[in-house]
S.K.: 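Right, I'll just put the structure down here and ask away after.
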There are 2 protein chains.
Amino acid sequence: MSRRSEVRQKRHEELLQLLNESPFLTDGELAEHLNVSIATIRLDRTALNIPELRERVLSVAHEQTAEPHSMGNAEIMDIEEGIRGISVLYTDESMCFPGTNVVRSQYLYTMAEDLVTTTAGFRAALINVASIKYKVPVGPNCKLIARSELKSVRKDSCVIWVSIYCERKEIFRAKYILNGEVKTV
Amino acid sequence: MSRRSEVRQKRHEELLQLLNESPFLTDGELAEHLNVSIATIRLDRTALNIPELRERVLSVAHEQTAEPHSMGNAEIMDIEEGIRGISVLYTDESMCFPGTNVVRSQYLYTMAEDLVTTTAGFRAALINVASIKYKVPVGPNCKLIARSELKSVRKDSCVIWVSIYCERKEIFRAKYILNGEVKTV
DNA sequence: TGTTAATTTAGTAGCAGGTGATAATAATGA
DNA sequence: TCATTATTATCACCTGCTACTAAATTAACA
């Protein structure tokens, strides 16, 4: 084993470690970190079977897209886009106000919002106005069912109602007005 | 509103929907799907604040790499219980609708709700009614400041207003009516 | 009907972050 | 010392954009 190939092997290890810590370094950045030329990095990547930046990023992104939302999210069961939709959410202790048996309303809100934007078929922040009524507080370990229904459509806005039920009892109701104008700050 | 801009608005919606289904389409693919030129797609993306493919992919990938988001939590800076409160939240890509520069409204709602319940000095889900107006969509990398103010108190309910600002501009406003009755389902 | 202004298309140059191939330049070990 | 191996430098090319300009199209209005 020559000294030179030992050096290279060490570099290979450092390369893997670097990419492990920050997977989205370009060849140029890697070259700088390891004090070698970009050409060498490319040879090393080829030798180690490491794909180029774009493919690395893409594969990670696809993983992300593949699985459902990780956050306490409702599962959408049925959608008739532009008409109505149904989703389900199981509550648990982690969703409650600390030290209580009361689910934070943000979870109900999020459940409703997700269903509404999906029902509308838009996905951006088109929500304009919402009026919300929490009829009954909900505890953990409940199966919540949300129903949305498009009530009216105008030139560039529409109105959607959502109700969330727990055991046939309506516990939350909201009216959303969405519109099509999207301008971020 | 002219017919042409209606056509465009419809195309914008279709564009959002397309990207919702498959967030990693190139401008060329989008153009083909919508039967317009690539130039038009670019204009639409600009108008809708949708970043280019690479950035969309990168942001998703970063989301994946980033720690499990606990639910973008606002930091409460100052509270005068029963009177008013201030909190701060920094937005990022992980809070946006996938493939866009628009923060999901649930984050604004949650920020507001947290501040309101803290301001009220109650800790359970006492929210009864909320009316919400999203004035301007917000993008990532913004510093949001929420201010709450107790407006009135009655026997067992009170009214609290919250506004969220981005660079002095009000982007969200809500009125909450809280009450003291807590009965879980 | 013709004019105007919004909308869409087309085409240019340039950039980032790559790929491949080829040639030049070390460093090493027999 | 010379052949071998490792590294670097260069060149042309690719994709998916941005940024810009110019032309073509078309709805709306007078």
Side-chain angles (χ1 to χ4, degrees), chain A residues 1-16 18-19 21-62 65 155-156 180-184, chain B residues 1-16 18-62 64-65 93 96 98-101 139-141:
Chain A
M1 185 81 66
S2 71
R3 270 177 213 168
R4 301 195 75 202
S5 49
E6 276 174 37
V7 165
R8 187 175 52 180
Q9 191 151 353
K10 211 168 209 169
R11 194 183 55 239
H12 281 186
E13 283 166 27
E14 287 178 312
L15 181 60
L16 287 169
L18 260 174
L19 281 178
E21 285 162 20
S22 28
F24 306 137
L25 294 174
T26 65
D27 287 0
E29 290 166 330
L30 290 168
E32 220 177 298
H33 276 283
L34 299 175
N35 281 315
V36 288
S37 71
I38 291 184
T40 305
I41 293 294
R42 307 247 230 249
L43 287 174
D44 288 352
R45 268 202 304 106
T46 306
L48 293 171
N49 243 307
I50 299 170
E52 62 169 292
L53 173 66
R54 279 166 199 161
E55 286 177 31
R56 296 201 302 274
V57 170
L58 247 183
S59 72
V60 172
H62 270 124
T65 313
K155 228 189 295 178
D156 31 57
E181 286 298 317
V182 179
K183 258 189 196 161
T184 50
Chain B
M1 185 80 63
S2 69
R3 268 175 219 167
R4 302 194 74 201
S5 48
E6 277 173 35
V7 166
R8 185 173 53 178
Q9 191 152 348
K10 210 168 212 172
R11 194 182 56 238
H12 282 185
E13 282 164 26
E14 288 178 312
L15 182 60
L16 287 167
L18 258 176
L19 280 177
N20 195 29
E21 283 160 21
S22 28
F24 305 138
L25 294 174
T26 65
D27 287 358
E29 291 166 329
L30 290 168
E32 221 176 297
H33 277 283
L34 299 176
N35 282 314
V36 288
S37 70
I38 290 186
T40 304
I41 293 293
R42 310 250 227 246
L43 287 175
D44 289 351
R45 268 203 305 106
T46 305
L48 293 170
N49 238 305
I50 298 171
E52 62 169 293
L53 171 66
R54 277 163 200 159
E55 284 175 35
R56 295 200 303 273
V57 170
L58 245 183
S59 77
V60 172
H62 271 124
Q64 173 79 348
T65 311
E93 295 82 0
C96 295
T100 72
N101 264 340
N141 308 311

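Heavy atoms only: backbone and side chains are in, while hydrogens, waters and symmetry mates are out. Everything numeric in this text was worked out from a predicted model, so none of it was measured.
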S.K.: Select one nucleotide: of dT8(C), dT15(D), dT7(D), the one nearest the side-chain heavy atoms of L43(B).
M.R.: dT8(C)

S.K.: Starting at CG of L58(B) and ending at P of dA16(C), how long is that distance when rounded to a whole Å?
M.R.: 15 Å

S.K.: A side-chain contact here means heavy atoms from C-beta on lying under 4.5 Å apart; do P51(B) and N101(B) qualify?
M.R.: yes

S.K.: Of the nucleotides dG18(C), dT7(D), dT18(D), which one has an atom closest to the side chain of R8(A)?
M.R.: dT7(D)

S.K.: Side chain to side chain contact (heavy atoms under 4.5 Å, CB included) with H12(A): which of V7(A), I50(A), L48(A)?
M.R.: L48(A)

S.K.: About how many Å separate CD1 of I41(B) and CG of L15(B), when rounded to the nearest 0.5 Å?
M.R.: 5.5 Å

S.K.: Please report the distance, rounded to the nearest Å, between CZ in R11(A) and C1' in dA6(D).
M.R.: 8 Å

S.K.: Residues two or more places apart in sequence or in another chain: which of them pass side-chain contact (heavy atoms from CB on, under 4.5 Å) with R42(B)?
M.R.: D27(B), I38(B), R45(B)

S.K.: In this structure, how many angstroms lie between the C1' atom of dT19(C) and the CG atom of L53(A), rounded?
M.R.: 14 Å

S.K.: Take atom CG of D27(A) and atom P of dA9(D), then tell me their distance rounded to the nearest Å.
M.R.: 15 Å

S.K.: Let me know the distance between CD1 of I50(B) and C1' of dT18(D), rounded to the nearest Å.
M.R.: 16 Å

S.K.: To the nearest 0.5 angstrom, please state how far the CD atom of E14(A) sits from the CG atom of N35(A).
M.R.: 9.5 Å

S.K.: Using a distance-only criterion (donor-acceptor N/O pair, under 3.5 Å, no hydrogens), is the base of dG17(C) paired with the side chain of R54(A)?
M.R.: yes

S.K.: To the nearest 0.5 Å, what is the distance between CG on L30(B) and OG1 on T40(B)?
M.R.: 12.0 Å

S.K.: Examine dT7(D): is either OP1 or OP2 under 4.0 Å from a nitrogen or oxygen in the side chain of R42(A)? Give yes or no.
M.R.: no

S.K.: What is the separation between atom CD on Q9(B) and atom P on dA6(C), rounded to the nearest whole Å?
M.R.: 17 Å

S.K.: Output the rounded distance in Å from CG (N49(B)) to P (dT18(D)).
M.R.: 12 Å

S.K.: Expressed as a whole number of angstroms, how long is the span from D44(B):CG to dC17(D):C1'?
M.R.: 16 Å

S.K.: Is the number of heavy atoms from other residues, nucleotides or ligands under 6.0 Å of E32(B) CD greater than 12?
M.R.: no

S.K.: Does any residue of residues 28-41 of chain A have a heavy atom under 4.0 Å from DNA chain C, and if so, which ones, in number order?
M.R.: none

